[in-house]
*Asks:* 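Before we start, here is the structure in question, set down as structure tokens.
Counting begins at 1 with the first residue of the sequence.
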Amino acid sequence: MNFNKYILVVYILCSSLSLYSQQVEIIKDSVCIDGVWRELQELTFTHPQIYCAIQEDYNDFDTIFTDYKERLNYKKKLILDCNGSWKCLREKDYVLEYYEINYQKNGILNATLCVENFVNTFIGIYLFTFDLIEDKNLREDVFINKDKLLEIYREKIEEDYKDVKKDNDAYADDDNFFSDDEDIAPTHLSQYKIETDSLGKVVFFRFYYPFRWNMRLLAEFSFEEIKPFLKPEFLRRLTDE
């Protein structure tokens, strides 16, 4: 191999690595609310264009931010404007957000956003899957044969509903909490968590279906079970070392 070809190969390899090496992390700040220190969080990206993708699915403010630092500072200012008063924050329907990075490999990022509401302590949970190379929120675009997958998902959710109904002693005497004819019917596939083992290998896809306040129903697929429903390129990136 001559020197010029060697330089070209090194350049291509380095370019490929840089595509997969976007820095993703959770930045944190803290603020005092009624004498208790609470944590503020934002999920950060090297290329903040993708940051708007989260706000397409969830945004608690009247404005869209393109920079995570700007949004974090905005949240802190709202709390300071309330003088750290829990009552004031409740009146303004303010929320706290917490992030978890579930999976990050080969330019694929799966993350969880948890939302705590000061009004009724409701916990909302949102799951995102990003292609960090294409700057895209993939949602359910990672799947093929979606109708069949959704059918299996519904069956699993119905079974989980029956188990929750049977096991949830806290609501056993509440005839209105569970209903035999309640419509438990997921309509999309975008809310899933990619679970890995201690070696970082994918072992489960867990779909979460929101149900009653802060409750969620679960449909669990082993990796072998979900593989036939994954687009080949997405599957390759999940399994490449």
Side-chain angles (χ1 to χ4, degrees), residues 20 22 24-26 41-43 45 50-59 97-116 122-164 183-240:
Y20 288 133
Q22 283 201 58
V24 180
E25 62 178 327
I26 300 169
Q41 295 186 355
E42 280 295 316
L43 191 64
F45 301 92
I50 200 173
Y51 187 72
C52 294
I54 291 180
Q55 297 178 76
E56 289 175 8
D57 286 354
Y58 168 79
N59 183 36
E97 301 168 9
Y98 305 98
Y99 291 89
E100 179 183 3
I101 296 175
N102 309 317
Y103 178 87
Q104 185 185 357
K105 186 178 178 182
N106 294 337
I108 300 296
L109 172 72
N110 180 257
T112 302
L113 164 63
C114 297
V115 180
E116 178 184 356
F122 169 78
I123 302 297
I125 299 178
Y126 304 84
L127 290 144
F128 301 93
T129 301
F130 296 106
D131 185 331
L132 298 178
I133 300 172
E134 299 292 335
D135 286 341
K136 289 174 58 178
N137 186 359
L138 294 173
R139 298 187 178 90
E140 60 181 28
D141 288 344
V142 304
F143 301 113
I144 56 177
N145 199 3
K146 295 179 187 179
D147 290 342
K148 179 61 176 177
L149 179 57
L150 191 58
E151 180 184 336
I152 300 172
Y153 174 19
R154 286 172 176 162
E155 291 172 358
K156 288 177 179 283
I157 284 295
E158 288 172 2
E159 287 303 312
D160 192 47
Y161 175 70
K162 292 175 184 176
D163 290 340
V164 170
D183 186 21
I184 305 296
T187 58
H188 61 83
L189 298 161
S190 64
Q191 294 297 292
Y192 55 91
K193 183 177 182 180
I194 301 176
E195 301 269 9
T196 62
D197 61 17
S198 59
L199 300 177
K201 295 184 181 298
V202 179
V203 289
F204 292 110
F205 268 56
R206 290 191 168 105
F207 291 82
Y208 291 94
Y209 180 76
F211 169 72
R212 303 293 182 83
W213 301 293
N214 63 340
M215 295 181 68
R216 295 183 300 161
L217 299 174
L218 171 65
E220 182 176 279
F221 290 76
S222 70
F223 193 39
E224 291 302 316
E225 191 178 4
I226 201 71
K227 274 182 180 180
F229 297 100
L230 298 178
K231 287 184 176 179
E233 173 59 18
F234 186 75
L235 176 59
R236 182 191 66 77
R237 287 167 68 177
L238 289 180
T239 54
D240 273 359

*Asks:* Below 4.0 angstrom, N of the basic side chain to O of the carboxylate: do Arg237 and Asp131 qualify?
*Replies:* yes

*Asks:* Within the supplied structure, the quantity of interest is the number of heavy atoms (other residues, nucleotides, ligands) at a distance under 6.0 Å from Lys201 NZ; does it exceed 12?
*Replies:* no

*Asks:* Looking at every heavy atom in both Ile194 and Asn102, which two are closest together, and how far apart are they?
*Replies:* O-CB, 3.7 Å

*Asks:* Distance check, rounded to the nearest 0.5 Å: Ile133 atom CD1 versus Leu109 atom CG?
*Replies:* 12.0 Å

*Asks:* Measure the CG-CG distance between Leu150 and Asn145 for me, rounded to the nearest 0.5 Å.
*Replies:* 11.0 Å

*Asks:* Would Lys156 and Phe221 count as a cation-pi pair here, with the cationic atom under 6.0 angstrom from the ring centre and within 45° of the axis?
*Replies:* yes

*Asks:* Roughly how far, to the nearest 0.5 Å, is NZ of Lys105 from CD1 of Ile108?
*Replies:* 11.5 Å

*Asks:* To the nearest 0.5 angstrom, please state how far the CD atom of Gln41 sits from the CG atom of Leu113.
*Replies:* 9.5 Å

*Asks:* Where the side chain of Asn106 meets the backbone of Asp240, is there a donor-acceptor pair that is under 3.5 Å apart?
*Replies:* yes

*Asks:* Under the criterion side-chain contact (heavy atoms from CB on, under 4.5 Å), I'd like the reasoning laid out for Glu220 against Asp160: C-alpha separation, chi angles, the key distance, then a yes or no.
*Replies:* CA-CA 10 Å; Glu220 182 176 279; Asp160 192 47; over 6 Å; no

*Asks:* Where does the angle between the aromatic ring planes of Phe207 and Phe205 fall among parallel (under 30°), tilted (30 to 60°) and perpendicular (over 60°)?
*Replies:* tilted

*Asks:* Taking only Lys NZ, Arg NE, NH1 and NH2, and the carboxylate oxygens of Asp or Glu, determine whether Arg154 and Glu151 approach each other closer than 4.0 Å.
*Replies:* no

*Asks:* Can you name the nearest heavy-atom pair linking Leu189 to Phe143, along with the distance?
*Replies:* O-CE1, 3.5 Å

*Asks:* Work out which heavy atom in Tyr153 is nearest to a heavy atom in Pro186; give both atom names and the distance.
*Replies:* CE2-CB, 3.4 Å

*Asks:* Indicate yes or no for a side-chain donor-acceptor contact from Asn110 to the backbone of Tyr192 under 3.5 Å, with no hydrogens or angles considered.
*Replies:* yes

*Asks:* For a quick test of reading the model, state the closest non-hydrogen atom pair linking Ile144 to Pro228 and the distance between them.
*Replies:* CD1-O, 3.6 Å

*Asks:* With no hydrogens and no angle check, just 3.5 Å: does a side-chain donor-acceptor pair link Thr196 and Tyr103?
*Replies:* no

*Asks:* Any side-chain heavy atom of Val202 within less than 4.5 Å of one from Thr239?
*Replies:* no

*Asks:* Picking from Ile125, Leu127, Ile26, Thr112, what satisfies side chain to side chain contact (heavy atoms under 4.5 Å, CB included) with Glu100?
*Replies:* Thr112

*Asks:* To the nearest 0.5 angstrom, please state how far the OG1 atom of Thr129 sits from the CD atom of Gln191.
*Replies:* 9.0 Å

*Asks:* Take atom NZ of Lys146 as the centre, draw a 6.0 Å sphere, and report whether it contains more than 12 heavy atoms from other residues, nucleotides or ligands.
*Replies:* yes

*Asks:* Mind checking the CG-CD spacing from Asp141 to Glu134? Nearest 0.5 Å is all I need.
*Replies:* 12.0 Å

*Asks:* Does any part of the side chain of Leu138, heavy atoms only, come nearer than 4.5 Å to the side chain of Phe234, both counted from C-beta?
*Replies:* yes

